[in-house]
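Read through the structure below, which is laid out as structure tokens, and then see the notes.
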Amino acid sequence: MSDKISLDDIASLAKRRGFIYQGSEIYGGLAGTWDYGPLGVALKRNITNAWWKFIVDGRDDMYGIDSTILMNPKVWVASGHVDTFNDPLIEDVKTKKRYRLDHLLEEQGYENVDAMSLEEMGQLVKEKGIKSPDGNELGAPAQFNMMFKTHVGPVEDDESAAYLRPETAQGMFTNFKNVVDSFYPNLPFGLAQIGRSFRNEISPGNFIFRLRELEIMELEYFINAGDWEKVFESWLAVQHEWFEILGLDQARLKEHEVPEADRAHYSKRTVDTFYDFPSLGFQEIAGLAYRTDFDLKSHQESSGKNLEYRPKDGGQPFIPHVIEPTFGLDRNVMAVLCNAYTEDEMNGEKRVFLKLPKHLAPVKACVSPLLKNKPELVDKAREVYGLLKKELGAVMWDDNGNIGKRYRRQDEIGTPACIVIDFQTLEDNTVTVRDRDTAAQTRVAIGDLLTTVE
RNA sequence: GCGGGUAUCGUAUAGUGGUUAAUAUGCAGCCUUCCCAAGGCUGAGCCGAGGGUUCGAUUCCCUCUACCCGCACCA
């Protein structure tokens with residue numbers, strides 16, 4: 001059998017076959033940015049479409065939105081991001097290890113650390129001669145802000161400062177009242193969106209795992225506080241279904257109950273889902289968090305707007321609590337690619353193929369004439385191609401080289417079916433359909449092709 | 001951000017202080033071929049960027065950038 005599959009193998013196939021390229025590559029790249037090529041964008045779009053169908057259109061309690069990346073800076077103060085995405089870090093001058101300065105001070109018994117400025121904390125380190133956990137001298141503290149800052153309007157001053165959103169969730173909270181006013185849904189209901197987010201990661205890497213520009217598929221499900229445990233479990237089940245839709249192997253998935261100390265500032269319970277990536281091992285691809293009423297409450301206080309939900313039965317208005325399932329789209333794409341990447345042996349040669357679920361494959365079918373120097377075969381194949389192309393869209397034409405090469409090419413991009421027009425086709429209007437995973441061939445009438453391939 | 005490593009056609013690799021940088025595969029075209037990277041011919045395509053040393057640098061040195069491995073960080 002083959003050697004152990006590495007992430008490099010997958011990255012190299014992704015590049016070679018037009019799934020994923022390094023961002024700004026001809027200029028030497030830009031750390032933490034990757035571009036999707038023709039097949040990558042098709043795969044990604046198939047995933048987002050499946051998600052939208054499953055999460056939004058397939059349910060009657062979900063509402064889709066699409067909010068902006070730039071938001072009023074007050075949003076990020078109210079959400080807690082300005083505080084929590086802003087970490088004071090300090091370095092051990094000898095080991096070069098980096099520590100959260102506020103945590104370090106708290107561990108040493110200092111109080112009200114959160115209220116201190118960076119300068120005050122630095123001063124404290126100096127005066128008290130605080131050492132690193134390894135007993136070494138500490139350098140000067142520095143502020144690390146995970147949020148990208150920009151300016152709205154032509155003047156770059158503090159007044160115009162704005163952030164690129166580090167998550168899409170806040171757009172759902174800021175639109176909560178709008179959607180309630182438009183639709184007045186019964187509780188529980190949810191808002192969902194898919195969109196770009198930006199995080200100024202200290203160290204991006206591992207292919208598209210840790211990115212500075214990323215996409216998130218996320219929803220906020222508004223509930224009665226008393227129901228949170230039940231609803232939490234139900235969304236856990238929905239997540240399982242989602243990973244089945246993605247075709248991810250059960251054995252490569254793992255759930256992790258996040259202990260309180262590691263949870264986000266707003267969360268009362270968090271369960272992360274991990275996928276077993278080649279080279280990296282188990283890494284997070286989705287999270288489920290109970291955010292309580294933290295966000296809406298905070299936005300109500302901050303904005304002064306009434307964000308309470310008024311029950312239709314005339315009960316007391318209240319601020320709903322929230323269950324939030326989040327899926328890292330790029331990480332989902334990466335998991336799907338890694339899961340599909342398969343090496344086997346065919347006729348004594350190594351074969352690489354993507355065992356993608358049919359509905360996610362970027363190309364649904366490839367049509368070829370058996371021989372390209374026989375015009376009658378080519379004409380007939382063109383006809384079949386046109387037929388399928390019109391219906392399915394994602395159909396490829398290939399008449400290059402010999403038939404074996406075409407099969408291997410399609411294997412590498414995960415095309416489930418290869419359709420070949422041969423001399424028998426001219427006689428009885430049947431074609432050969434070759435299966436990606438088994439290489440088995442069946443004869444199918446042209447009239448039945450659509451149902452076979454779909 | 002620290003330490004280590006790497007950077008040569010799309011991909012995987014070889015190689016060199018000196019004429020035109022190589023191999024495989026892939027890619028494109030033509031021929032051939034009645035089903036699994038077969039065969040023949042042709043073609044395009046590479047030394048990450050910037051400095052320095054040198055008569056001459058893809059090769060040696062420095063800086064930068066990116067990627068990989070560790071550390072730290074990851075609300």
Side-chain angles (χ1 to χ4, degrees), chain A residues 6-9 11-18 21-34 37 76 79-101 103 132-134 139 142 144-147 166-167 169 199-207 209-212 258 262-267 270 279-280 283-284 287 289 291 346-353 368-374 377 400-412 418-426 431-436 439-441 443:
Chain A
S6 76
L7 199 54
D8 284 343
D9 296 330
S12 140
L13 179 140
K15 166 104 198 274
R16 195 166 70 236
R17 291 301 185 186
Y21 309 116
Q22 200 182 348
S24 317
E25 195 188 356
I26 61 169
Y27 287 104
L30 178 68
T33 63
W34 294 81
W76 305 111
S79 71
H81 284 82
V82 168
D83 282 340
T84 58
F85 254 60
N86 224 331
D87 296 333
L89 299 182
I90 197 159
E91 216 170 70
D92 179 322
V93 293
K94 203 166 168 195
T95 64
K96 301 292 182 190
K97 284 187 186 178
R98 183 179 293 166
Y99 300 93
R100 282 277 296 269
L101 179 53
H103 291 178
S132 80
D134 291 333
F144 279 74
N145 194 335
M146 291 269 288
M147 283 198 287
E167 59 166 36
R199 294 178 189 191
N200 207 350
E201 296 284 354
I202 294 171
S203 55
N206 294 126
F207 192 36
F209 185 79
R210 177 156 287 117
L211 297 170
R212 291 206 167 117
V258 181
D262 298 340
R263 282 201 296 265
H265 55 281
Y266 47 74
S267 178
T270 300
S279 306
L280 307 179
Q283 299 290 340
E284 185 184 345
R291 293 180 81 130
M346 191 167 280
N347 305 320
E349 294 226 32
K350 187 175 102 169
R351 176 177 76 129
V352 172
F353 69 109
S368 314
L370 180 60
L371 301 172
K372 106 167 150 175
N373 62 348
K374 298 284 184 287
L377 290 183
N400 204 2
N402 63 56
I403 196 73
K405 285 191 179 188
R406 298 178 211 155
Y407 287 156
R408 296 303 175 87
R409 236 192 322 260
Q410 295 303 320
D411 284 343
E412 258 200 343
C418 286
I419 295 159
V420 175
I421 281 69
D422 56 21
F423 291 103
Q424 196 184 327
T425 311
L426 302 177
V431 296
T432 305
V433 178
R434 181 261 193 188
D435 180 77
R436 175 194 66 202
Q441 304 190 7
R443 283 211 82 83

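As a basis for the values below, the full set of heavy atoms in this structure was taken, side chains included, without hydrogen atoms, waters or symmetry mates. In what follows, chains are A, B, ... by sequence order, proteins preceding strands, each numbered from 1.
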Looking at the side chain of A:Phe423, which of B:rU11, B:rC74, B:rC34 is the nearest nucleotide?
B:rC34
Taking the C1' atom in each of B:rU33 and B:rU16, what is the distance between them to the nearest angstrom?
42 Å
Among B:rC35, B:rA66, B:rC74, the nucleotide that comes nearest once only the side chain of A:Gln22 is considered
B:rA66
Phosphate OP1/OP2 of B:rU11: any A:Lys15 side-chain N/O under 4.0 Å:
yes
B:rC27 versus B:rC61 - spacing of their C1' atoms, nearest Å
38 Å
Got a salt bridge between A:Asp411 and A:Arg434, using NZ or NE/NH1/NH2 to carboxylate O under 4.0 Å?
yes
Can you tell me, in whole Å, how much space there is between the P of B:rG50 and that of B:rG4?
26 Å
When you measure from the side chain of A:Arg409, which nucleotide among B:rU11, B:rC35, B:rG26 comes out closest?
B:rG26
Nearest to the side chain of A:Ser203 - B:rC68, B:rA37, B:rC71?
B:rC71
Could you give the distance separating B:rA44 and B:rU23 at their P atoms, to the nearest angstrom?
14 Å
Please determine, by modelled atom types, if A:Ser203 and A:Arg210 share a side-chain donor-acceptor pair under 3.5 angstrom.
no
Proximity to the side chain of A:Tyr407 - top-ranked nucleotide from B:rC27, B:rU33, B:rC36:
B:rC36
Starting at CG of A:Asp8 and ending at P of B:rU11, how long is that distance when rounded to a whole Å?
12 Å
Examine B:rC69: is either OP1 or OP2 under 4.0 Å from a nitrogen or oxygen in the side chain of A:Asn206? Give yes or no.
yes
Please determine if a side-chain N or O atom of A:Lys372 lies less than 4.0 Å away from the OP1 or OP2 oxygen of B:rC30.
yes
Does A:Asn400 have a side-chain nitrogen or oxygen under 4.0 Å from the phosphate oxygens OP1 or OP2 of B:rG29?
yes
Going by distance alone, is a donor N or O of one side chain under 3.5 Å from an acceptor N or O of the other, for A:Thr425 and A:Asp422?
yes
Quick one: is B:rU32 close enough that its OP1 or OP2 comes under 4.0 Å of any side-chain N or O from A:Asn373?
yes
Check this for me, if you would: do A:Arg17 and A:Glu412 make a salt bridge, where the nitrogen-to-carboxylate-oxygen distance has to be below 4.0 angstrom?
yes
Please tell me which of the listed nucleotides, B:rU11, B:rC35, B:rA75, lies nearest to the side chain of A:Ser12?
B:rU11
Hey, does the side-chain of A:Gln441 have a donor or acceptor N/O within less than 3.5 Å of a partner on the base of B:rC35?
yes
From B:rC36, B:rA66, B:rU33, pick the nucleotide closest to the side chain of A:Ala31?
B:rA66
For B:rC36, does the base pair up with any side-chain atom of A:Arg434 as donor and acceptor (N or O, under 3.5 Å, distance only)?
yes
Of the candidate nucleotides B:rC36, B:rU33, B:rG26, which contains the atom at the shortest distance from the side chain of A:Lys405?
B:rG26
Is there a side chain to side chain donor-acceptor pair (under 3.5 Å) between A:Arg212 and A:Thr33? Walk through the geometry before answering.
CA-CA 6 Å; A:Arg212 291 206 167 117; A:Thr33 63; over 6 Å; no
